[in-house]
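A, B, ... follow the sequence lines: proteins, then strands. Residue 1 opens every chain.
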Number of protein chains: 2
Amino acid sequence: MDDLPIRILIADDHPVVRAGLRAVLETEPDFAIVAEAATAEEAVELAASGGADVVLMDLRFGGGMNGSQATAAITARPGAPRVLVVTTYDTDADTLPAIEAGATGYLLKDAPPEELAAAVRTAAAGRTALAPAVADRLMNRLRAPHTALTRRETEVLALVAEGLSNQGISERLHLTRATVKSHLAHVYAKLGVDSRTAAVAAALGLGIIRR
Amino acid sequence: MDDLPIRILIADDHPVVRAGLRAVLETEPDFAIVAEAATAEEAVELAASGGADVVLMDLRFGGGMNGSQATAAITARPGAPRVLVVTTYDTDADTLPAIEAGATGYLLKDAPPEELAAAVRTAAAGRTALAPAVADRLMNRLRAPHTALTRRETEVLALVAEGLSNQGISERLHLTRATVKSHLAHVYAKLGVDSRTAAVAAALGLGIIRR
DNA sequence: CCGGGCATCGATCAAAAGGTGGAGACCGGC
DNA sequence: GCCGGTCTCCACCTTTTGATCGATGCCCGG
């Protein structure tokens, strides 16, 4: 197709993963790994300097900016490289922000090398490359839009997941117990559950809240 | 020290991680990667055939046997190789079973290459190699033994974390509500909390239960 | 053989949570 | 300018949960 190689930037805080991606991708004659970044900030900087066509982006870095934020920062610029998210985690809490941030694709790290190479070529061409598992969940998400919690509802739910009582939540958020109960009632309806603990379980499963 | 190279078996279901570990370790002149396994069962088999000194073992595989079980199977044989666990996860629920299963060391995947190589040599010599974060938590665990839940208590707590009511749990386990409440009261006391949701939060944090 | 941890139940009572059915205020879009 | 969603709050009532007393049988180890 193209005489020029696809220039790749690898962004991951794990040295082992960087080495692995490099080893896997270097076997492809039309790929050129031009840089590596160990932090999200570094990835943004290197991507801005314009030497890459595709950025392989991890989502979780040790500290500071995360992969979704970095993706948003990279894709915001005109003429930006494509961002292909490559991560271990496939919950909605990871995928949705990344996709909103403008990621061209989303792969899981257990993908076989051929799939990885194919995804890089797909992304370089500007087309979307999604892992089957991710694609499945996105479809389910679109089919069941009831899970869309509001900001406040998510906030309350997160405190519930920390083990706070309605009283404790009302104090933390400067609300009355009535308001907290009202928010929770909406959360239960949207998640199809009928108790705080079940809501936490469901939300963890859906990736709405974390840990 | 030794004229013979340290023979290494890599067991991980992620091709990228296998390639990464291989790339990182192959730069050491006294290391020889003799085999790779993509499943825990395969790792046990290859380890039994006796060609390796150290097994780098992931804990989570796509399906079937997990890394701890494989570690137990490997170390059960006389003259078994040392098992060095290399994983992304550092919760008690991961580390404790692995160490009980006889792992010689426990590293996190974000370890720098030098630390990894050093740990392999330490493990090959039969000495324990622990990542600092893991060592820290083990010390805390020994200092606070109150968190030791009984089998039944853990079982009940796991169902609480799935969102079941006491009634639901009693039916699932063929108990009366009184018994469930009794178990939970003990759990709350041991975890230092006073509600089911807080217990789930604490247990997730401590890695006593998962997901 | 006896103590202690474990697992199983009972009863009572106060506190918390959940269900129902509202209402007012704000804000953005059609 | 009105509609709908969001966020805030109120009251009443039922169910669930947690706290606190118990009690029994089992098994294991000193």
Side-chain angles (χ1 to χ4, degrees), chain A residues 92 96-97 100 141-142 144-206 208-209, chain B residues 96 100 141-142 144-206 208-209:
Chain A
D92 284 342
L96 295 180
E100 276 173 32
R141 169 53 46 105
L142 293 177
H146 282 301
T147 8
L149 301 187
T150 68
R151 206 163 310 163
R152 208 53 164 165
E153 286 161 359
T154 309
E155 202 175 356
V156 170
L157 182 55
L159 293 177
V160 169
E162 285 181 22
L164 295 187
S165 66
N166 291 348
Q167 171 71 34
I169 295 170
S170 73
E171 285 168 8
R172 187 83 78 86
L173 298 180
H174 306 293
L175 299 174
T176 63
R177 268 168 283 183
T179 307
V180 174
K181 289 177 71 170
S182 174
H183 284 310
L184 280 182
H186 294 149
V187 169
Y188 299 159
K190 288 180 179 176
L191 296 182
V193 298
D194 55 3
S195 82
R196 52 180 44 233
T197 321
V200 170
L204 285 173
L206 290 170
I208 296 171
I209 55 176
Chain B
L96 295 181
E100 277 174 30
R141 168 53 46 103
L142 293 177
H146 281 303
T147 9
L149 300 187
T150 68
R151 205 164 309 163
R152 207 55 162 165
E153 285 161 0
T154 309
E155 201 174 357
V156 170
L157 182 56
L159 293 177
V160 169
E162 285 181 21
L164 295 187
S165 66
N166 292 347
Q167 171 71 35
I169 295 170
S170 72
E171 285 167 8
R172 187 83 78 87
L173 298 181
H174 307 293
L175 299 173
T176 63
R177 269 165 285 183
T179 307
V180 174
K181 290 176 75 169
S182 176
H183 285 309
L184 280 182
H186 294 148
V187 169
Y188 299 157
K190 288 180 178 176
L191 296 183
V193 298
D194 55 2
S195 82
R196 51 180 47 235
T197 321
V200 170
L204 284 174
L206 291 170
I208 295 172
I209 55 175

Roughly how many Å is it from CG in A:Leu149 to P in D:dG5, rounded to a whole number? 15 Å

Taking salt bridge (Lys or Arg N to Asp or Glu O under 4.0 Å) as the test, write out the residues that go with A:Glu171, two or more places apart. none

Just the endpoints, please: which first and last nucleotides of DNA chain C, 5' to 3', lie under 4.0 Å from a heavy atom of chain A? C:dA17 to C:dG19

Do A:Leu204 and B:Leu204 have side chains that get closer than 4.5 Å, going by heavy atoms? yes

Could you work out, with side-chain contact (heavy atoms from CB on, under 4.5 Å) as the rule, every residue matching B:Leu159, not counting sequence neighbours? B:Glu162, B:Leu164, B:Ile169, B:Arg172, B:Leu173

Among all residues two or more places apart in sequence or in another chain, which pass the side-chain hydrogen bond (donor to acceptor under 3.5 Å, both in side chains) test with B:Thr154? none

Under-3.5 Å N/O pairs linking protein and nucleotides 8-12 of chain D:
residue	atom	partner	partner atom	Å
D:dT8	OP1	A:Arg152	NE	3.1
D:dT8	OP1	A:Arg152	NH2	2.9
D:dT8	OP2	A:Arg152	NE	2.8
D:dT8	OP2	A:His183	NE2	2.8
D:dC9	OP2	A:Thr176	N	3.0
D:dC9	OP2	A:Thr179	OG1	2.9
D:dC9	O5'	A:Thr179	OG1	3.3
D:dC9	N4	A:Ser182	OG	3.3

Residues in side-chain contact (heavy atoms from CB on, under 4.5 Å) contact with A:Ala198, at least two apart in sequence or another chain: A:Val193, A:Ser195

Nearest nucleotide by nearest heavy atom, which residue falls closer to the 5' end of DNA chain C, B:Glu153 or A:Asp194? B:Glu153

Euclidean distance, A:Arg152 CZ relative to A:Leu175 CG, rounded to 0.5 Å: 5.0 Å

Would you please name every residue forming a side-chain hydrogen bond (donor to acceptor under 3.5 Å, both in side chains) with B:Ser170, sequence neighbours left out? none

Side-chain contact, heavy-atom cut-off 4.5 Å: B:Val156 with B:Val187? no

For A:Leu184 and D:dT15, what is the distance between atoms CG and C1' respectively, to the nearest whole Å? 17 Å

Please check the phosphate of D:dC7 (OP1 and OP2 only) for any side-chain N or O of A:Thr150 closer than 4.0 Å. yes

Which ones in residues 163-170 of chain B lie close to DNA chain D, meaning a heavy atom under 4.0 Å from one of its atoms? B:Ser165, B:Asn166

Using five base pairs at each end to define the local axes, how bent is the helix from C:dC1-D:dG30 to C:dC30-D:dG1, to the nearest 10°? 40°

Could you walk me through whether B:Val200 and A:Arg196 pass side-chain contact (heavy atoms from CB on, under 4.5 Å), step by step? CA-CA 11 Å; B:Val200 170; A:Arg196 52 180 44 233; over 6 Å; no

For B:Arg177, all residues meeting salt bridge (Lys or Arg N to Asp or Glu O under 4.0 Å), sequence neighbours excluded: none

Nearest non-hydrogen partners of B:Ala201 and A:Gly163, listed with the distance: CB-N, 4.2 Å

Please, which pairs that meet side chain to side chain donor-acceptor pair (under 3.5 Å) have at least one residue in residues 180-189 of chain A, sequence neighbours excluded? none

Spacing of B:Leu157 atom CG and B:Ile208 atom CD1 [to the nearest 0.5 Å]: 7.0 Å

